[in-house]
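Note sheet for the following structure.
Counting starts at 1 for both ligands and their atoms, following the listed order. Along the sequence shown, the residues carry numbers beginning at 1.
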Amino acid sequence: MGFTYEALPMRVSFGAGRCLEVAAELDHLGLARVLVLCTPRQGETVRRIVDGLGDRSVGVFPGAVMHVPAEVADQASRVAADLRADGCVAVGGGSTVGLGKAIALRHGLPVVAVPTTYAGSEMTPVWGLTQDGIKRTGRDSVVLPRSVVYDPELTISLSARLSVTSGFNAFAHAAEGLYAPDASPILDLMAEEGARSVFAALRPILADPTDLDARSEAMRGAWLCGAVLGATTMSLHHKLCHVLGGTFGLPHADTHTVVLPHALAFTLPAAPRAAAALGRALSVPPDEVPLTLQIVSTGLGAPGSLAELGMPADGITEVVRQVMASPYASPRPVVAEELTGLLLRALAGDRPA
Ligand code: NAD
């Protein structure tokens with residue numbers, strides 16, 4: 001066995017109530033004038049954080065949008081420049097962290113992330129920008145947040161549906177990290193523990209969304225899964241979700257949740273070590289991993305089919321075309337006919353095969 005492992009620099013502050021200590025992180029990084037980013041819906045959460053920042057906060061930009069439209073990134077960048085901000089604090093899910101990354105890409109402003117979902121963007125040097133309906137992505141170390149403050153209390157307000165689907169989004173990072181071409185023993189440990197942790201937390205969270213132990217378990221798992229995402233190359237599952245989201249505007253976490261059982265049913269037979277690790281994470285035999293994910297996610301109220309998310313049946317040909325035109329690395333060679341079958345099952349919500 002041979003591998004190369006490069007650790008990404010990451011500073012993490014974790015714990016209930018830590019969102020009130022963001023000021024200490026800014027002082028540690030030497031940031032004195034930050035622009036706070038959020039979505040319009042998260043104003044209340046942000047107000048508490050801004051109060052704790054005192055005069056280190058020079059403004060709030062509450063306009064983060066899914067997939068970072070270029071015009072929103074332009075607007076937020078102008079606000080940051082006008083306010084002479086020396087950094088950004090991104091409070092929210094992948095969309096808000098993505099906006100912070102877009103500003104960092106243009107102006108080099110350091111990002112402090114305060115995640116409120118399990119998407120994991122805060123652990124990656126991957127940025128995305130959408131212009132004229134096309135999402136471009138790239139890797140640049142300048143966008144990797146300098147510090148991440150994980151406060152499980154901030155996830156208590158997540159809806160039941162987003163708690164589950166965002167958890168499965170995190171699980172997907174771990175799953176594909178286990179069979180990535182740049183996998184390594186240390187990332188395998190993080191992936192298996194991350195997947196186990198997120199999965200174990202979901203039922204208790206649904207039973208009691210205010211259960212702080214379960215929220216902490218999910219967030220700790222999401223951190224590990226995000227770190228795996230940031231350090232490895234993703235495969236067919238992420239490619240499919242990228243194409244489906246970009247082409248039909250399907251919601252990010254929902255799409256991951258529906259596609260994952262089908263993508264893993266296709267890939268895991270060619271990745272037995274990954275299947276074994278995921279089997280241990282779910283406490284099921286390796287060949288039952290895909291069906292278990294589907295049964296549990298739909299049982300917890302997540303959508304079960306791409307049709308439910310608004311995917312048109314005649315869109316399959318275009319998805320297959322795009323995936324085959326620029327495939328990601330996959331342990332199992334991807335064949336157009338098999339891909340069509342996979343998508344038909346995902347569209348209808350059939351069992352993974
Ligand atoms: P999101 O950030 O779009 O949030 C979804 C909705 O949930 C928003 O309306 C938001 O206001 C709300 N929300 C978020 N946290 C909440 C909370 N705690 N309580 C109540 N409401 C809350 O969703 P997401 O799934 O976190 O992120 C998806 C985006 O992130 C996609 O654009 C995806 O491509 C990107 N992403 C990027 C990376 C990367 O490495 N670059 C990784 C993962 C995801």
Side-chain angles (χ1 to χ4, degrees), residues 8 10 19 37-46 48-49 62-70 72-73 90-102 104-105 111 113-130 134-145 148 150-174 176-177 198 205 209-210 215 218-219 222-223 225-234 237-247 249-257 302:
L8 292 175
M10 57 171 94
C19 76
L37 311 171
C38 62
T39 60
R41 277 170 49 184
Q42 290 191 275
E44 190 53 44
T45 304
V46 162
R48 282 177 63 217
I49 295 174
V65 179
M66 179 94 78
H67 302 316
V68 197
V72 174
V91 183
S95 300
T96 308
V97 174
L99 179 59
K101 289 176 167 183
L105 196 61
V111 180
V114 186
T116 64
T117 70
Y118 307 129
S121 176
E122 68 282 355
M123 279 293 134
T124 85
V126 178
W127 54 266
L129 266 175
T130 304
I134 295 170
K135 184 167 178 177
R136 287 184 302 125
T137 60
R139 290 179 93 91
D140 194 319
S141 57
V142 78
V143 309
L144 182 72
V148 179
Y150 283 112
D151 184 342
E153 280 182 2
L154 297 182
T155 56
I156 285 175
S157 56
L158 266 180
S159 65
R161 174 163 169 161
L162 195 52
S163 296
V164 173
T165 58
S166 196
F168 277 87
N169 184 189
F171 192 100
H173 307 328
E176 293 229 300
V198 168
I205 284 174
T210 67
R215 289 290 187 185
M219 195 156 229
W223 162 36
C225 295
V228 171
L229 173 70
T232 56
T233 309
M234 295 287 107
H237 168 75
H238 279 74
K239 177 72 185 182
L240 279 169
C241 293
H242 195 153
V243 171
L244 288 162
T247 310
L250 305 188
H252 180 78
D254 283 359
T255 308
H256 271 274
T257 307

Contacting atoms of ligand 1, where contact means under 4.0 angstrom from a heavy atom of G93: 2 (O), 26 (O)
Polar proximity ligand 1 side, T155 side, N/O cut 3.5 Å exclusive: no
Distance filter under 4.0 Å to M66 heavy atoms, resulting ligand 1 atoms: 3 (O), 28 (C), 29 (C), 31 (C), 32 (O)
Between CG on residue D254 and OG1 on residue T165, distance to nearest 0.5 Å: 5.0 Å
Identity and distance of the protein heavy atom lying nearest atom 40 (O) of ligand 1: T124 OG1, 2.6 Å
Heavy-atom neighbours of W223 CH2 exceed 12 at 6.0 Å: no
N/O donor-acceptor pair under 3.5 Å between K101 side chain and G128 backbone: no
Protein heavy-atom partner closest to atom 16 (C) of ligand 1 - residue, atom, separation in Å: Q42 NE2, 3.3 Å
Heavy-atom side-chain contact between M234 and T232 under 4.5 Å: yes
Ligand 1 versus T116: contacting region, heavy-atom distance under 4.0 Å: both
Stepwise ring-ring contact (aromatic ring centres under 6.0 Å, His included) test for H256 and H252: CA-CA 6 Å; H256 271 274; H252 180 78; 4.8 Å; yes
Shortest protein contact, atom 25 (O) of ligand 1 (heavy atom only): H252 CD2, 3.9 Å
Contact with ligand 1 for V65, non-hydrogen, under 4.0 angstrom: no
Side-chain donor or acceptor of R215 paired with backbone N/O of P209 under 3.5 Å: yes
Ligand 1 contact by K101, heavy-atom criterion under 4.0 angstrom: yes
Verify atom 27 (O) of ligand 1: protein non-hydrogen atom under 4.0 angstrom away: yes
Which atom of G63 lies closest to which atom of V72, heavy atoms considered: O-CG1, 3.4 Å
Interfacing atoms of ligand 1 (cut-off 4.0 Å, heavy-atom, R41): 9 (O), 11 (O), 12 (C), 21 (N)
Side-chain H-bond candidate by donor/acceptor type, E176 with H238, under 3.5 Å: yes
Top protein contact for atom 34 (O) of ligand 1, by heavy-atom distance: K135 NZ, 2.8 Å
Student check: side-chain heavy atoms of P62 and V46 closer than 4.5 Å: no
Proximity to ligand 1 by part of H67, non-hydrogen separation under 4.0 Å: both
Side chain, backbone, both or neither: the part of T137 lying under 4.0 Å from ligand 1 by heavy atom: neither
T39 and ligand 1 - part of the residue with a heavy-atom distance under 4.0 Å: side chain
Per atom 24 (P) of ligand 1, closest listed option by heavy atom (G245, S121, A222, G94): G94
Nearest-neighbour protein heavy atom for atom 20 (C) of ligand 1, which is reported as residue plus atom name and distance: S157 O, 3.4 Å
Per-residue contact class, L154 against ligand 1 - non-hydrogen pairs under 4.0 Å: backbone
Atom pair CG/CZ of L154 and R48 - distance to nearest 0.5 Å: 7.0 Å
Within-cut-off N or O pair, V126 and ligand 1, under 3.5 Å: yes
Expected output: side-chain R139 to main-chain G230 donor-acceptor under 3.5 Å: yes
Contact check: T117 vs ligand 1, nitrogen or oxygen atoms, below 3.5 angstrom: yes
Donor-acceptor under 3.5 Å (T130 side chain, H67 main chain): yes
Distance-only N or O hit between ligand 1 and S95, under 3.5 Å: yes
Heavy-atom side-chain contact between Y118 and L158 under 4.5 Å: yes
Identity and distance of the protein heavy atom lying nearest atom 6 (C) of ligand 1: L162 CD2, 4.1 Å
Flag, side chain of S159 to backbone of L162, donor-acceptor distance under 3.5 Å: yes
Nearest-neighbour protein heavy atom for atom 43 (C) of ligand 1, which is reported as residue plus atom name and distance: A119 O, 3.3 Å
